[in-house]
Each structure stands twice: as C-alpha cells, then as structure tokens.
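For the single chain, residues carry numbers from 1 onward in sequence order.
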Amino acid sequence: MTKVLLSVHVLAAIVVIGPITVAASLFPRHARQAAGSGEPGEGRDASIAAFLHRICRGYAVAGIAVPVFGIATGARLGVLTDAWLIVSLVLTAIAAAVLVLAIVPGQRRMLRPADGTGARTAAANGETRSAAARLSMLTGAFNLLWAVVVVLMIVRPGSTTGA
C-alpha cells in the first residue's frame, strides 16, 4: 500500500504542480502584452493569460492531493516526525498560501481592464508592468519553494529509512 500511496503522491506532484509552475510563470508576460497599446496579437495574449489563470485556479484545487497523499505515505513509512518531512510540509503550506493568497488574486486583478470600457491609460499600463513584475517575483518564490521541497523529498536529510 505504501508504494501505491507514494506513486499517487509523486504522480500528483508531477501532473498538478508542474502545470501550475509553468502557467504561473508564463502568465505575467502574456498579461502584460495583453495590456499593451492595441498592437496585433493583443487579443490572443489576453486569451492566453485568461487560460493560464484558469489553469492556476483549477490545479490549485487539485493540488490538495499532493500533501494529502504525501502525509498518508509519511504515516505509512512512520516518518511524520522527521525534520525533513516537517520542513517539507511547512514549505508546501507556504507555497500554497503564496499561490492562493497572492498569485491567483494578482492574476485575477491583472485580467480586469483598467476602466469599464476596456481602454487602458498610460498610467494603467505602468501599473500593469509593476503588477506583472510583482507576480513574476511571487511566482519565482513559489517555484523556488517547490524546488526546495523536491530536493528535501529526494535527499531526506537525517532519514533513517535509507536513500
């Protein structure tokens, strides 16, 4: 049963977290281009940005499976009190908070037009660039948190269950 739980945990991490990291990383560029000055391709960028936002929002819900199966696997292995797993769980919780409380709402705000007509002013474009930069930074932190979690899951410092 442990092998099944571990397999589902790893597959969920690959299938769910991978697309979130890619979609969240690509979003700021497309949202910034969509807020451009009426150049060709702007509508396409807006559609892509909206699609990337839907991926992040939808996969964030499915992402709950990763720690659920991870905790179940840890319980079966008897390692729930190991430092590497506790640190991984804390980093996972921080990554989830960054995604749900900062990245997804930031994307939602960037998808809204600056005014009711859909027109954007120069000031709004400056705000869009600033918001895109902020989202890029948050996404980088989110991705770095997941990279550290992956390393901890592979290396398992201090683990007595073997490497």
Exercise. Could you tell me whether the side chain of Arg108 reaches within less than 4.5 Å of the side chain of Pro105, counting heavy atoms only?
Key: yes
Practice problem: Decide yes or no for Phe27 and Thr139: does some side-chain heavy atom of the first lie under 4.5 Å from some side-chain heavy atom of the second? | Solution: no
Is it the case that one hydrophobic cluster holds both [X] and [Y], taking links as side-chain heavy atoms less than 4.5 Å apart, direct or via other members?
{"X": "Val15", "Y": "Val66", "value": "no"}
{"X": "Ile71", "Y": "Val79", "value": "yes"}
{"X": "Val87", "Y": "Leu80", "value": "yes"}
{"X": "Met137", "Y": "Val148", "value": "yes"}
{"X": "Ile14", "Y": "Tyr59", "value": "no"}

Roughly how far apart are [X] [atom1] and [Y] [atom2], rounded to 0.5 Å?
{"X": "Arg134", "Y": "Ile103", "atom1": "CZ", "atom2": "CD1", "value": "13.0 Å"}
{"X": "Thr21", "Y": "Trp146", "atom1": "OG1", "atom2": "CH2", "value": "10.0 Å"}
{"X": "Arg112", "Y": "Met110", "atom1": "CZ", "atom2": "CE", "value": "11.5 Å"}
{"X": "Phe51", "Y": "Leu26", "atom1": "CZ", "atom2": "CG", "value": "11.0 Å"}
{"X": "Thr128", "Y": "Arg32", "atom1": "OG1", "atom2": "CZ", "value": "10.0 Å"}
{"X": "Asp82", "Y": "Leu89", "atom1": "CG", "atom2": "CG", "value": "11.0 Å"}

Exercise. May I have the step-by-step check of side chain to side chain contact (heavy atoms under 4.5 Å, CB included) for Phe69 and Leu6, ending in yes or no?
Key: CA-CA 7 Å; Phe69 282 99; Leu6 180 60; over 6 Å; no
Which heavy atom of [X] sits nearest to which heavy atom of [Y], and what is that distance?
{"X": "Leu135", "Y": "Ala102", "result": "CD2-O, 4.4 Å"}
{"X": "Leu152", "Y": "Trp84", "result": "O-CE3, 3.7 Å"}
{"X": "Val149", "Y": "Ser88", "result": "CG2-O, 3.8 Å"}
{"X": "Met153", "Y": "Arg156", "result": "O-CG, 3.3 Å"}
{"X": "Ala60", "Y": "Leu99", "result": "CB-CD2, 3.6 Å"}
{"X": "Ala65", "Y": "Ala12", "result": "CB-CB, 4.4 Å"}

Quiz item: With no hydrogens and no angle check, is any side-chain donor or acceptor of His9 less than 3.5 Å from a backbone partner on Gly70?
Solution: yes
